[in-house]
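Please read through the structure below; I'll follow up with questions.
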Amino acid sequence: MTVRHLLADDDLTAAEQSQVLDLAAALKADRHAEQPLAGPRSVAIIFDKPTLRTQLSFTTGVAELGGYPMVVDGNLAQIGTRESIADVARVVGRQVSAIVWRTHGQDRLQEMADHVDVPVVNALTDDYHPCQLLADLLTIREHKGSTAGRTIAYVGDGANNMAHSYLLACALAGMHVRIGTPASHQPSADVLARAERIAGEEAGSVLVTDDPTAAVAGADVVATDTWVSMGMEGEKGDRTGQTSPFAPFAVTTHLLGHAAADAIVLHCLPAYRGLEIAADVIDGPHSVVWDEAENRLHAQKALLTFLLRASS
Ligand code: NVA
């Protein structure tokens, strides 16, 4: 039996990513068109970190697919502490049709996937946030008509999960991906190499620069994310204070002025107005963040449908 997971963005091929996005658009038009979880079959949705959008969109989405969303509090389950990840996987995997997990290290997710024969979905790790990127790409398709050949600039923390997922998922989508980030917060060399290889295959490109204006110049899409990711709260002072290395990368009206005149602005949320994004940008005419947040639902339903079918 083949089991398909989404642990990182490049677990999907370019063709599969496009197929998932097509299905997401169809499910947005007709929310109950697919019922792969009819029964209902359960999906375990496990959180080791805070959540709002991910819990909402996966619980709603699993229900709309005909299934039962079983939310598991990671603080109670204490996976890997109270018992091993492998033992948890052997127990959970016999009860549910898929596992959605937000956790810390990528190795934890991989270990879960290694010990189950149902799909495992990355609902954010320290390294990647691939579900968010499917929603972002759906949003870009809606507002720009297509992804291939478009330029996206992500500015901010270039070493975090969102930067890594923008590199991989947007390269797969045939985009020109630019990361504007200080020299002190570069993407992982491994992710960068994978993104460059994919961009070569999909007629896109990858650029990492410490010049925020060069990153954003002429871009069709400008994206950012918090400067203090979950788990980094201890560095909050350094990351957000007067001498923050990220300050020049804040998405202000001035920086956005260097992008294309009809650029759209993305933010995965939660947003911190006055830090990584100015209030008049996120609340202004270029912002499509509420479409982006809604699209988590449609994109994840399409992803689950795809993985369940591909695994059976
Ligand atoms: N980089 C952020 C994304 C939040 C959705 C974090 O990991 O907290």
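Numbering of ligands and ligand atoms starts at 1, following listing order.
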Atoms in ligand 1 with a heavy atom of L124 nearer than 4.0 Å: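 Under 4.0 Å from L124, ligand 1 has these atoms: 3 (C), 4 (C), 5 (C), 7 (O).
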Interfacing atoms of ligand 1 (cut-off 4.0 Å, heavy-atom, N160):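 So the atoms of ligand 1 that pass are 1 (N).
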Within this structure, what is the CZ-CD distance for the pair R239 and E233, rounded to the nearest 0.5 Å? 10.0 Å
Based purely on interatomic distance, does H129 place a nitrogen or oxygen under 3.5 Å from a nitrogen or oxygen of ligand 1? no
Of the backbone atoms (N, CA, C, O) and the side-chain heavy atoms from C-beta on, which set of D157 has a member under 4.0 Å from an atom of ligand 1: side chain, backbone, both, or neither?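 Neither part.
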Any Q55 side-chain heavy atom under 4.5 Å of R102 side chain: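 Contact flag for Q55/R102 side chains = no.
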Going by the closest heavy atom to atom 6 (C) of ligand 1, which one wins out of A271, S229, C131?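 Nearest heavy atom to atom 6 (C) of ligand 1 lies in S229.
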Considering non-hydrogen atoms of the protein only, which is the closest contact for atom 5 (C) of ligand 1, and what is the distance?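 For atom 5 (C) of ligand 1, the nearest protein heavy atom is L269 O, 3.6 Å.
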Distance from atom 8 (O) of ligand 1 to nearest protein heavy atom, with residue and atom: M230 N, 2.8 Å
For N161, the atoms of ligand 1 under 4.0 Å from one of its heavy atoms are 1 (N), 2 (C), 6 (C), 7 (O)
Between D211 and R178, is the closest basic N to carboxylate O distance under 4.0 Å?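 No.
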For the 3.5 Å polar cut-off, considering only N or O atoms, please tell me whether D225 and ligand 1 meet it.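 Right, the criterion is met.
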Going through the distances and angles, do N160 and W227 end up as a side chain to side chain donor-acceptor pair (under 3.5 Å)? CA-CA 9 Å; N160 76 5; W227 295 339; over 6 Å; no
Residues D11, R4: salt bridge by 4.0 Å N-O rule: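 Salt bridge absent between D11 and R4.
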Distance-only polar pair, side chains of E142 and N295, donor-acceptor under 3.5 Å: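 On atom types as modelled, these side chains qualify, holding a pair under 3.5 Å.
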Would you mind checking if R194 and D9 are paired as a salt bridge, meaning a charged N to carboxylate O distance below 4.0 Å? no
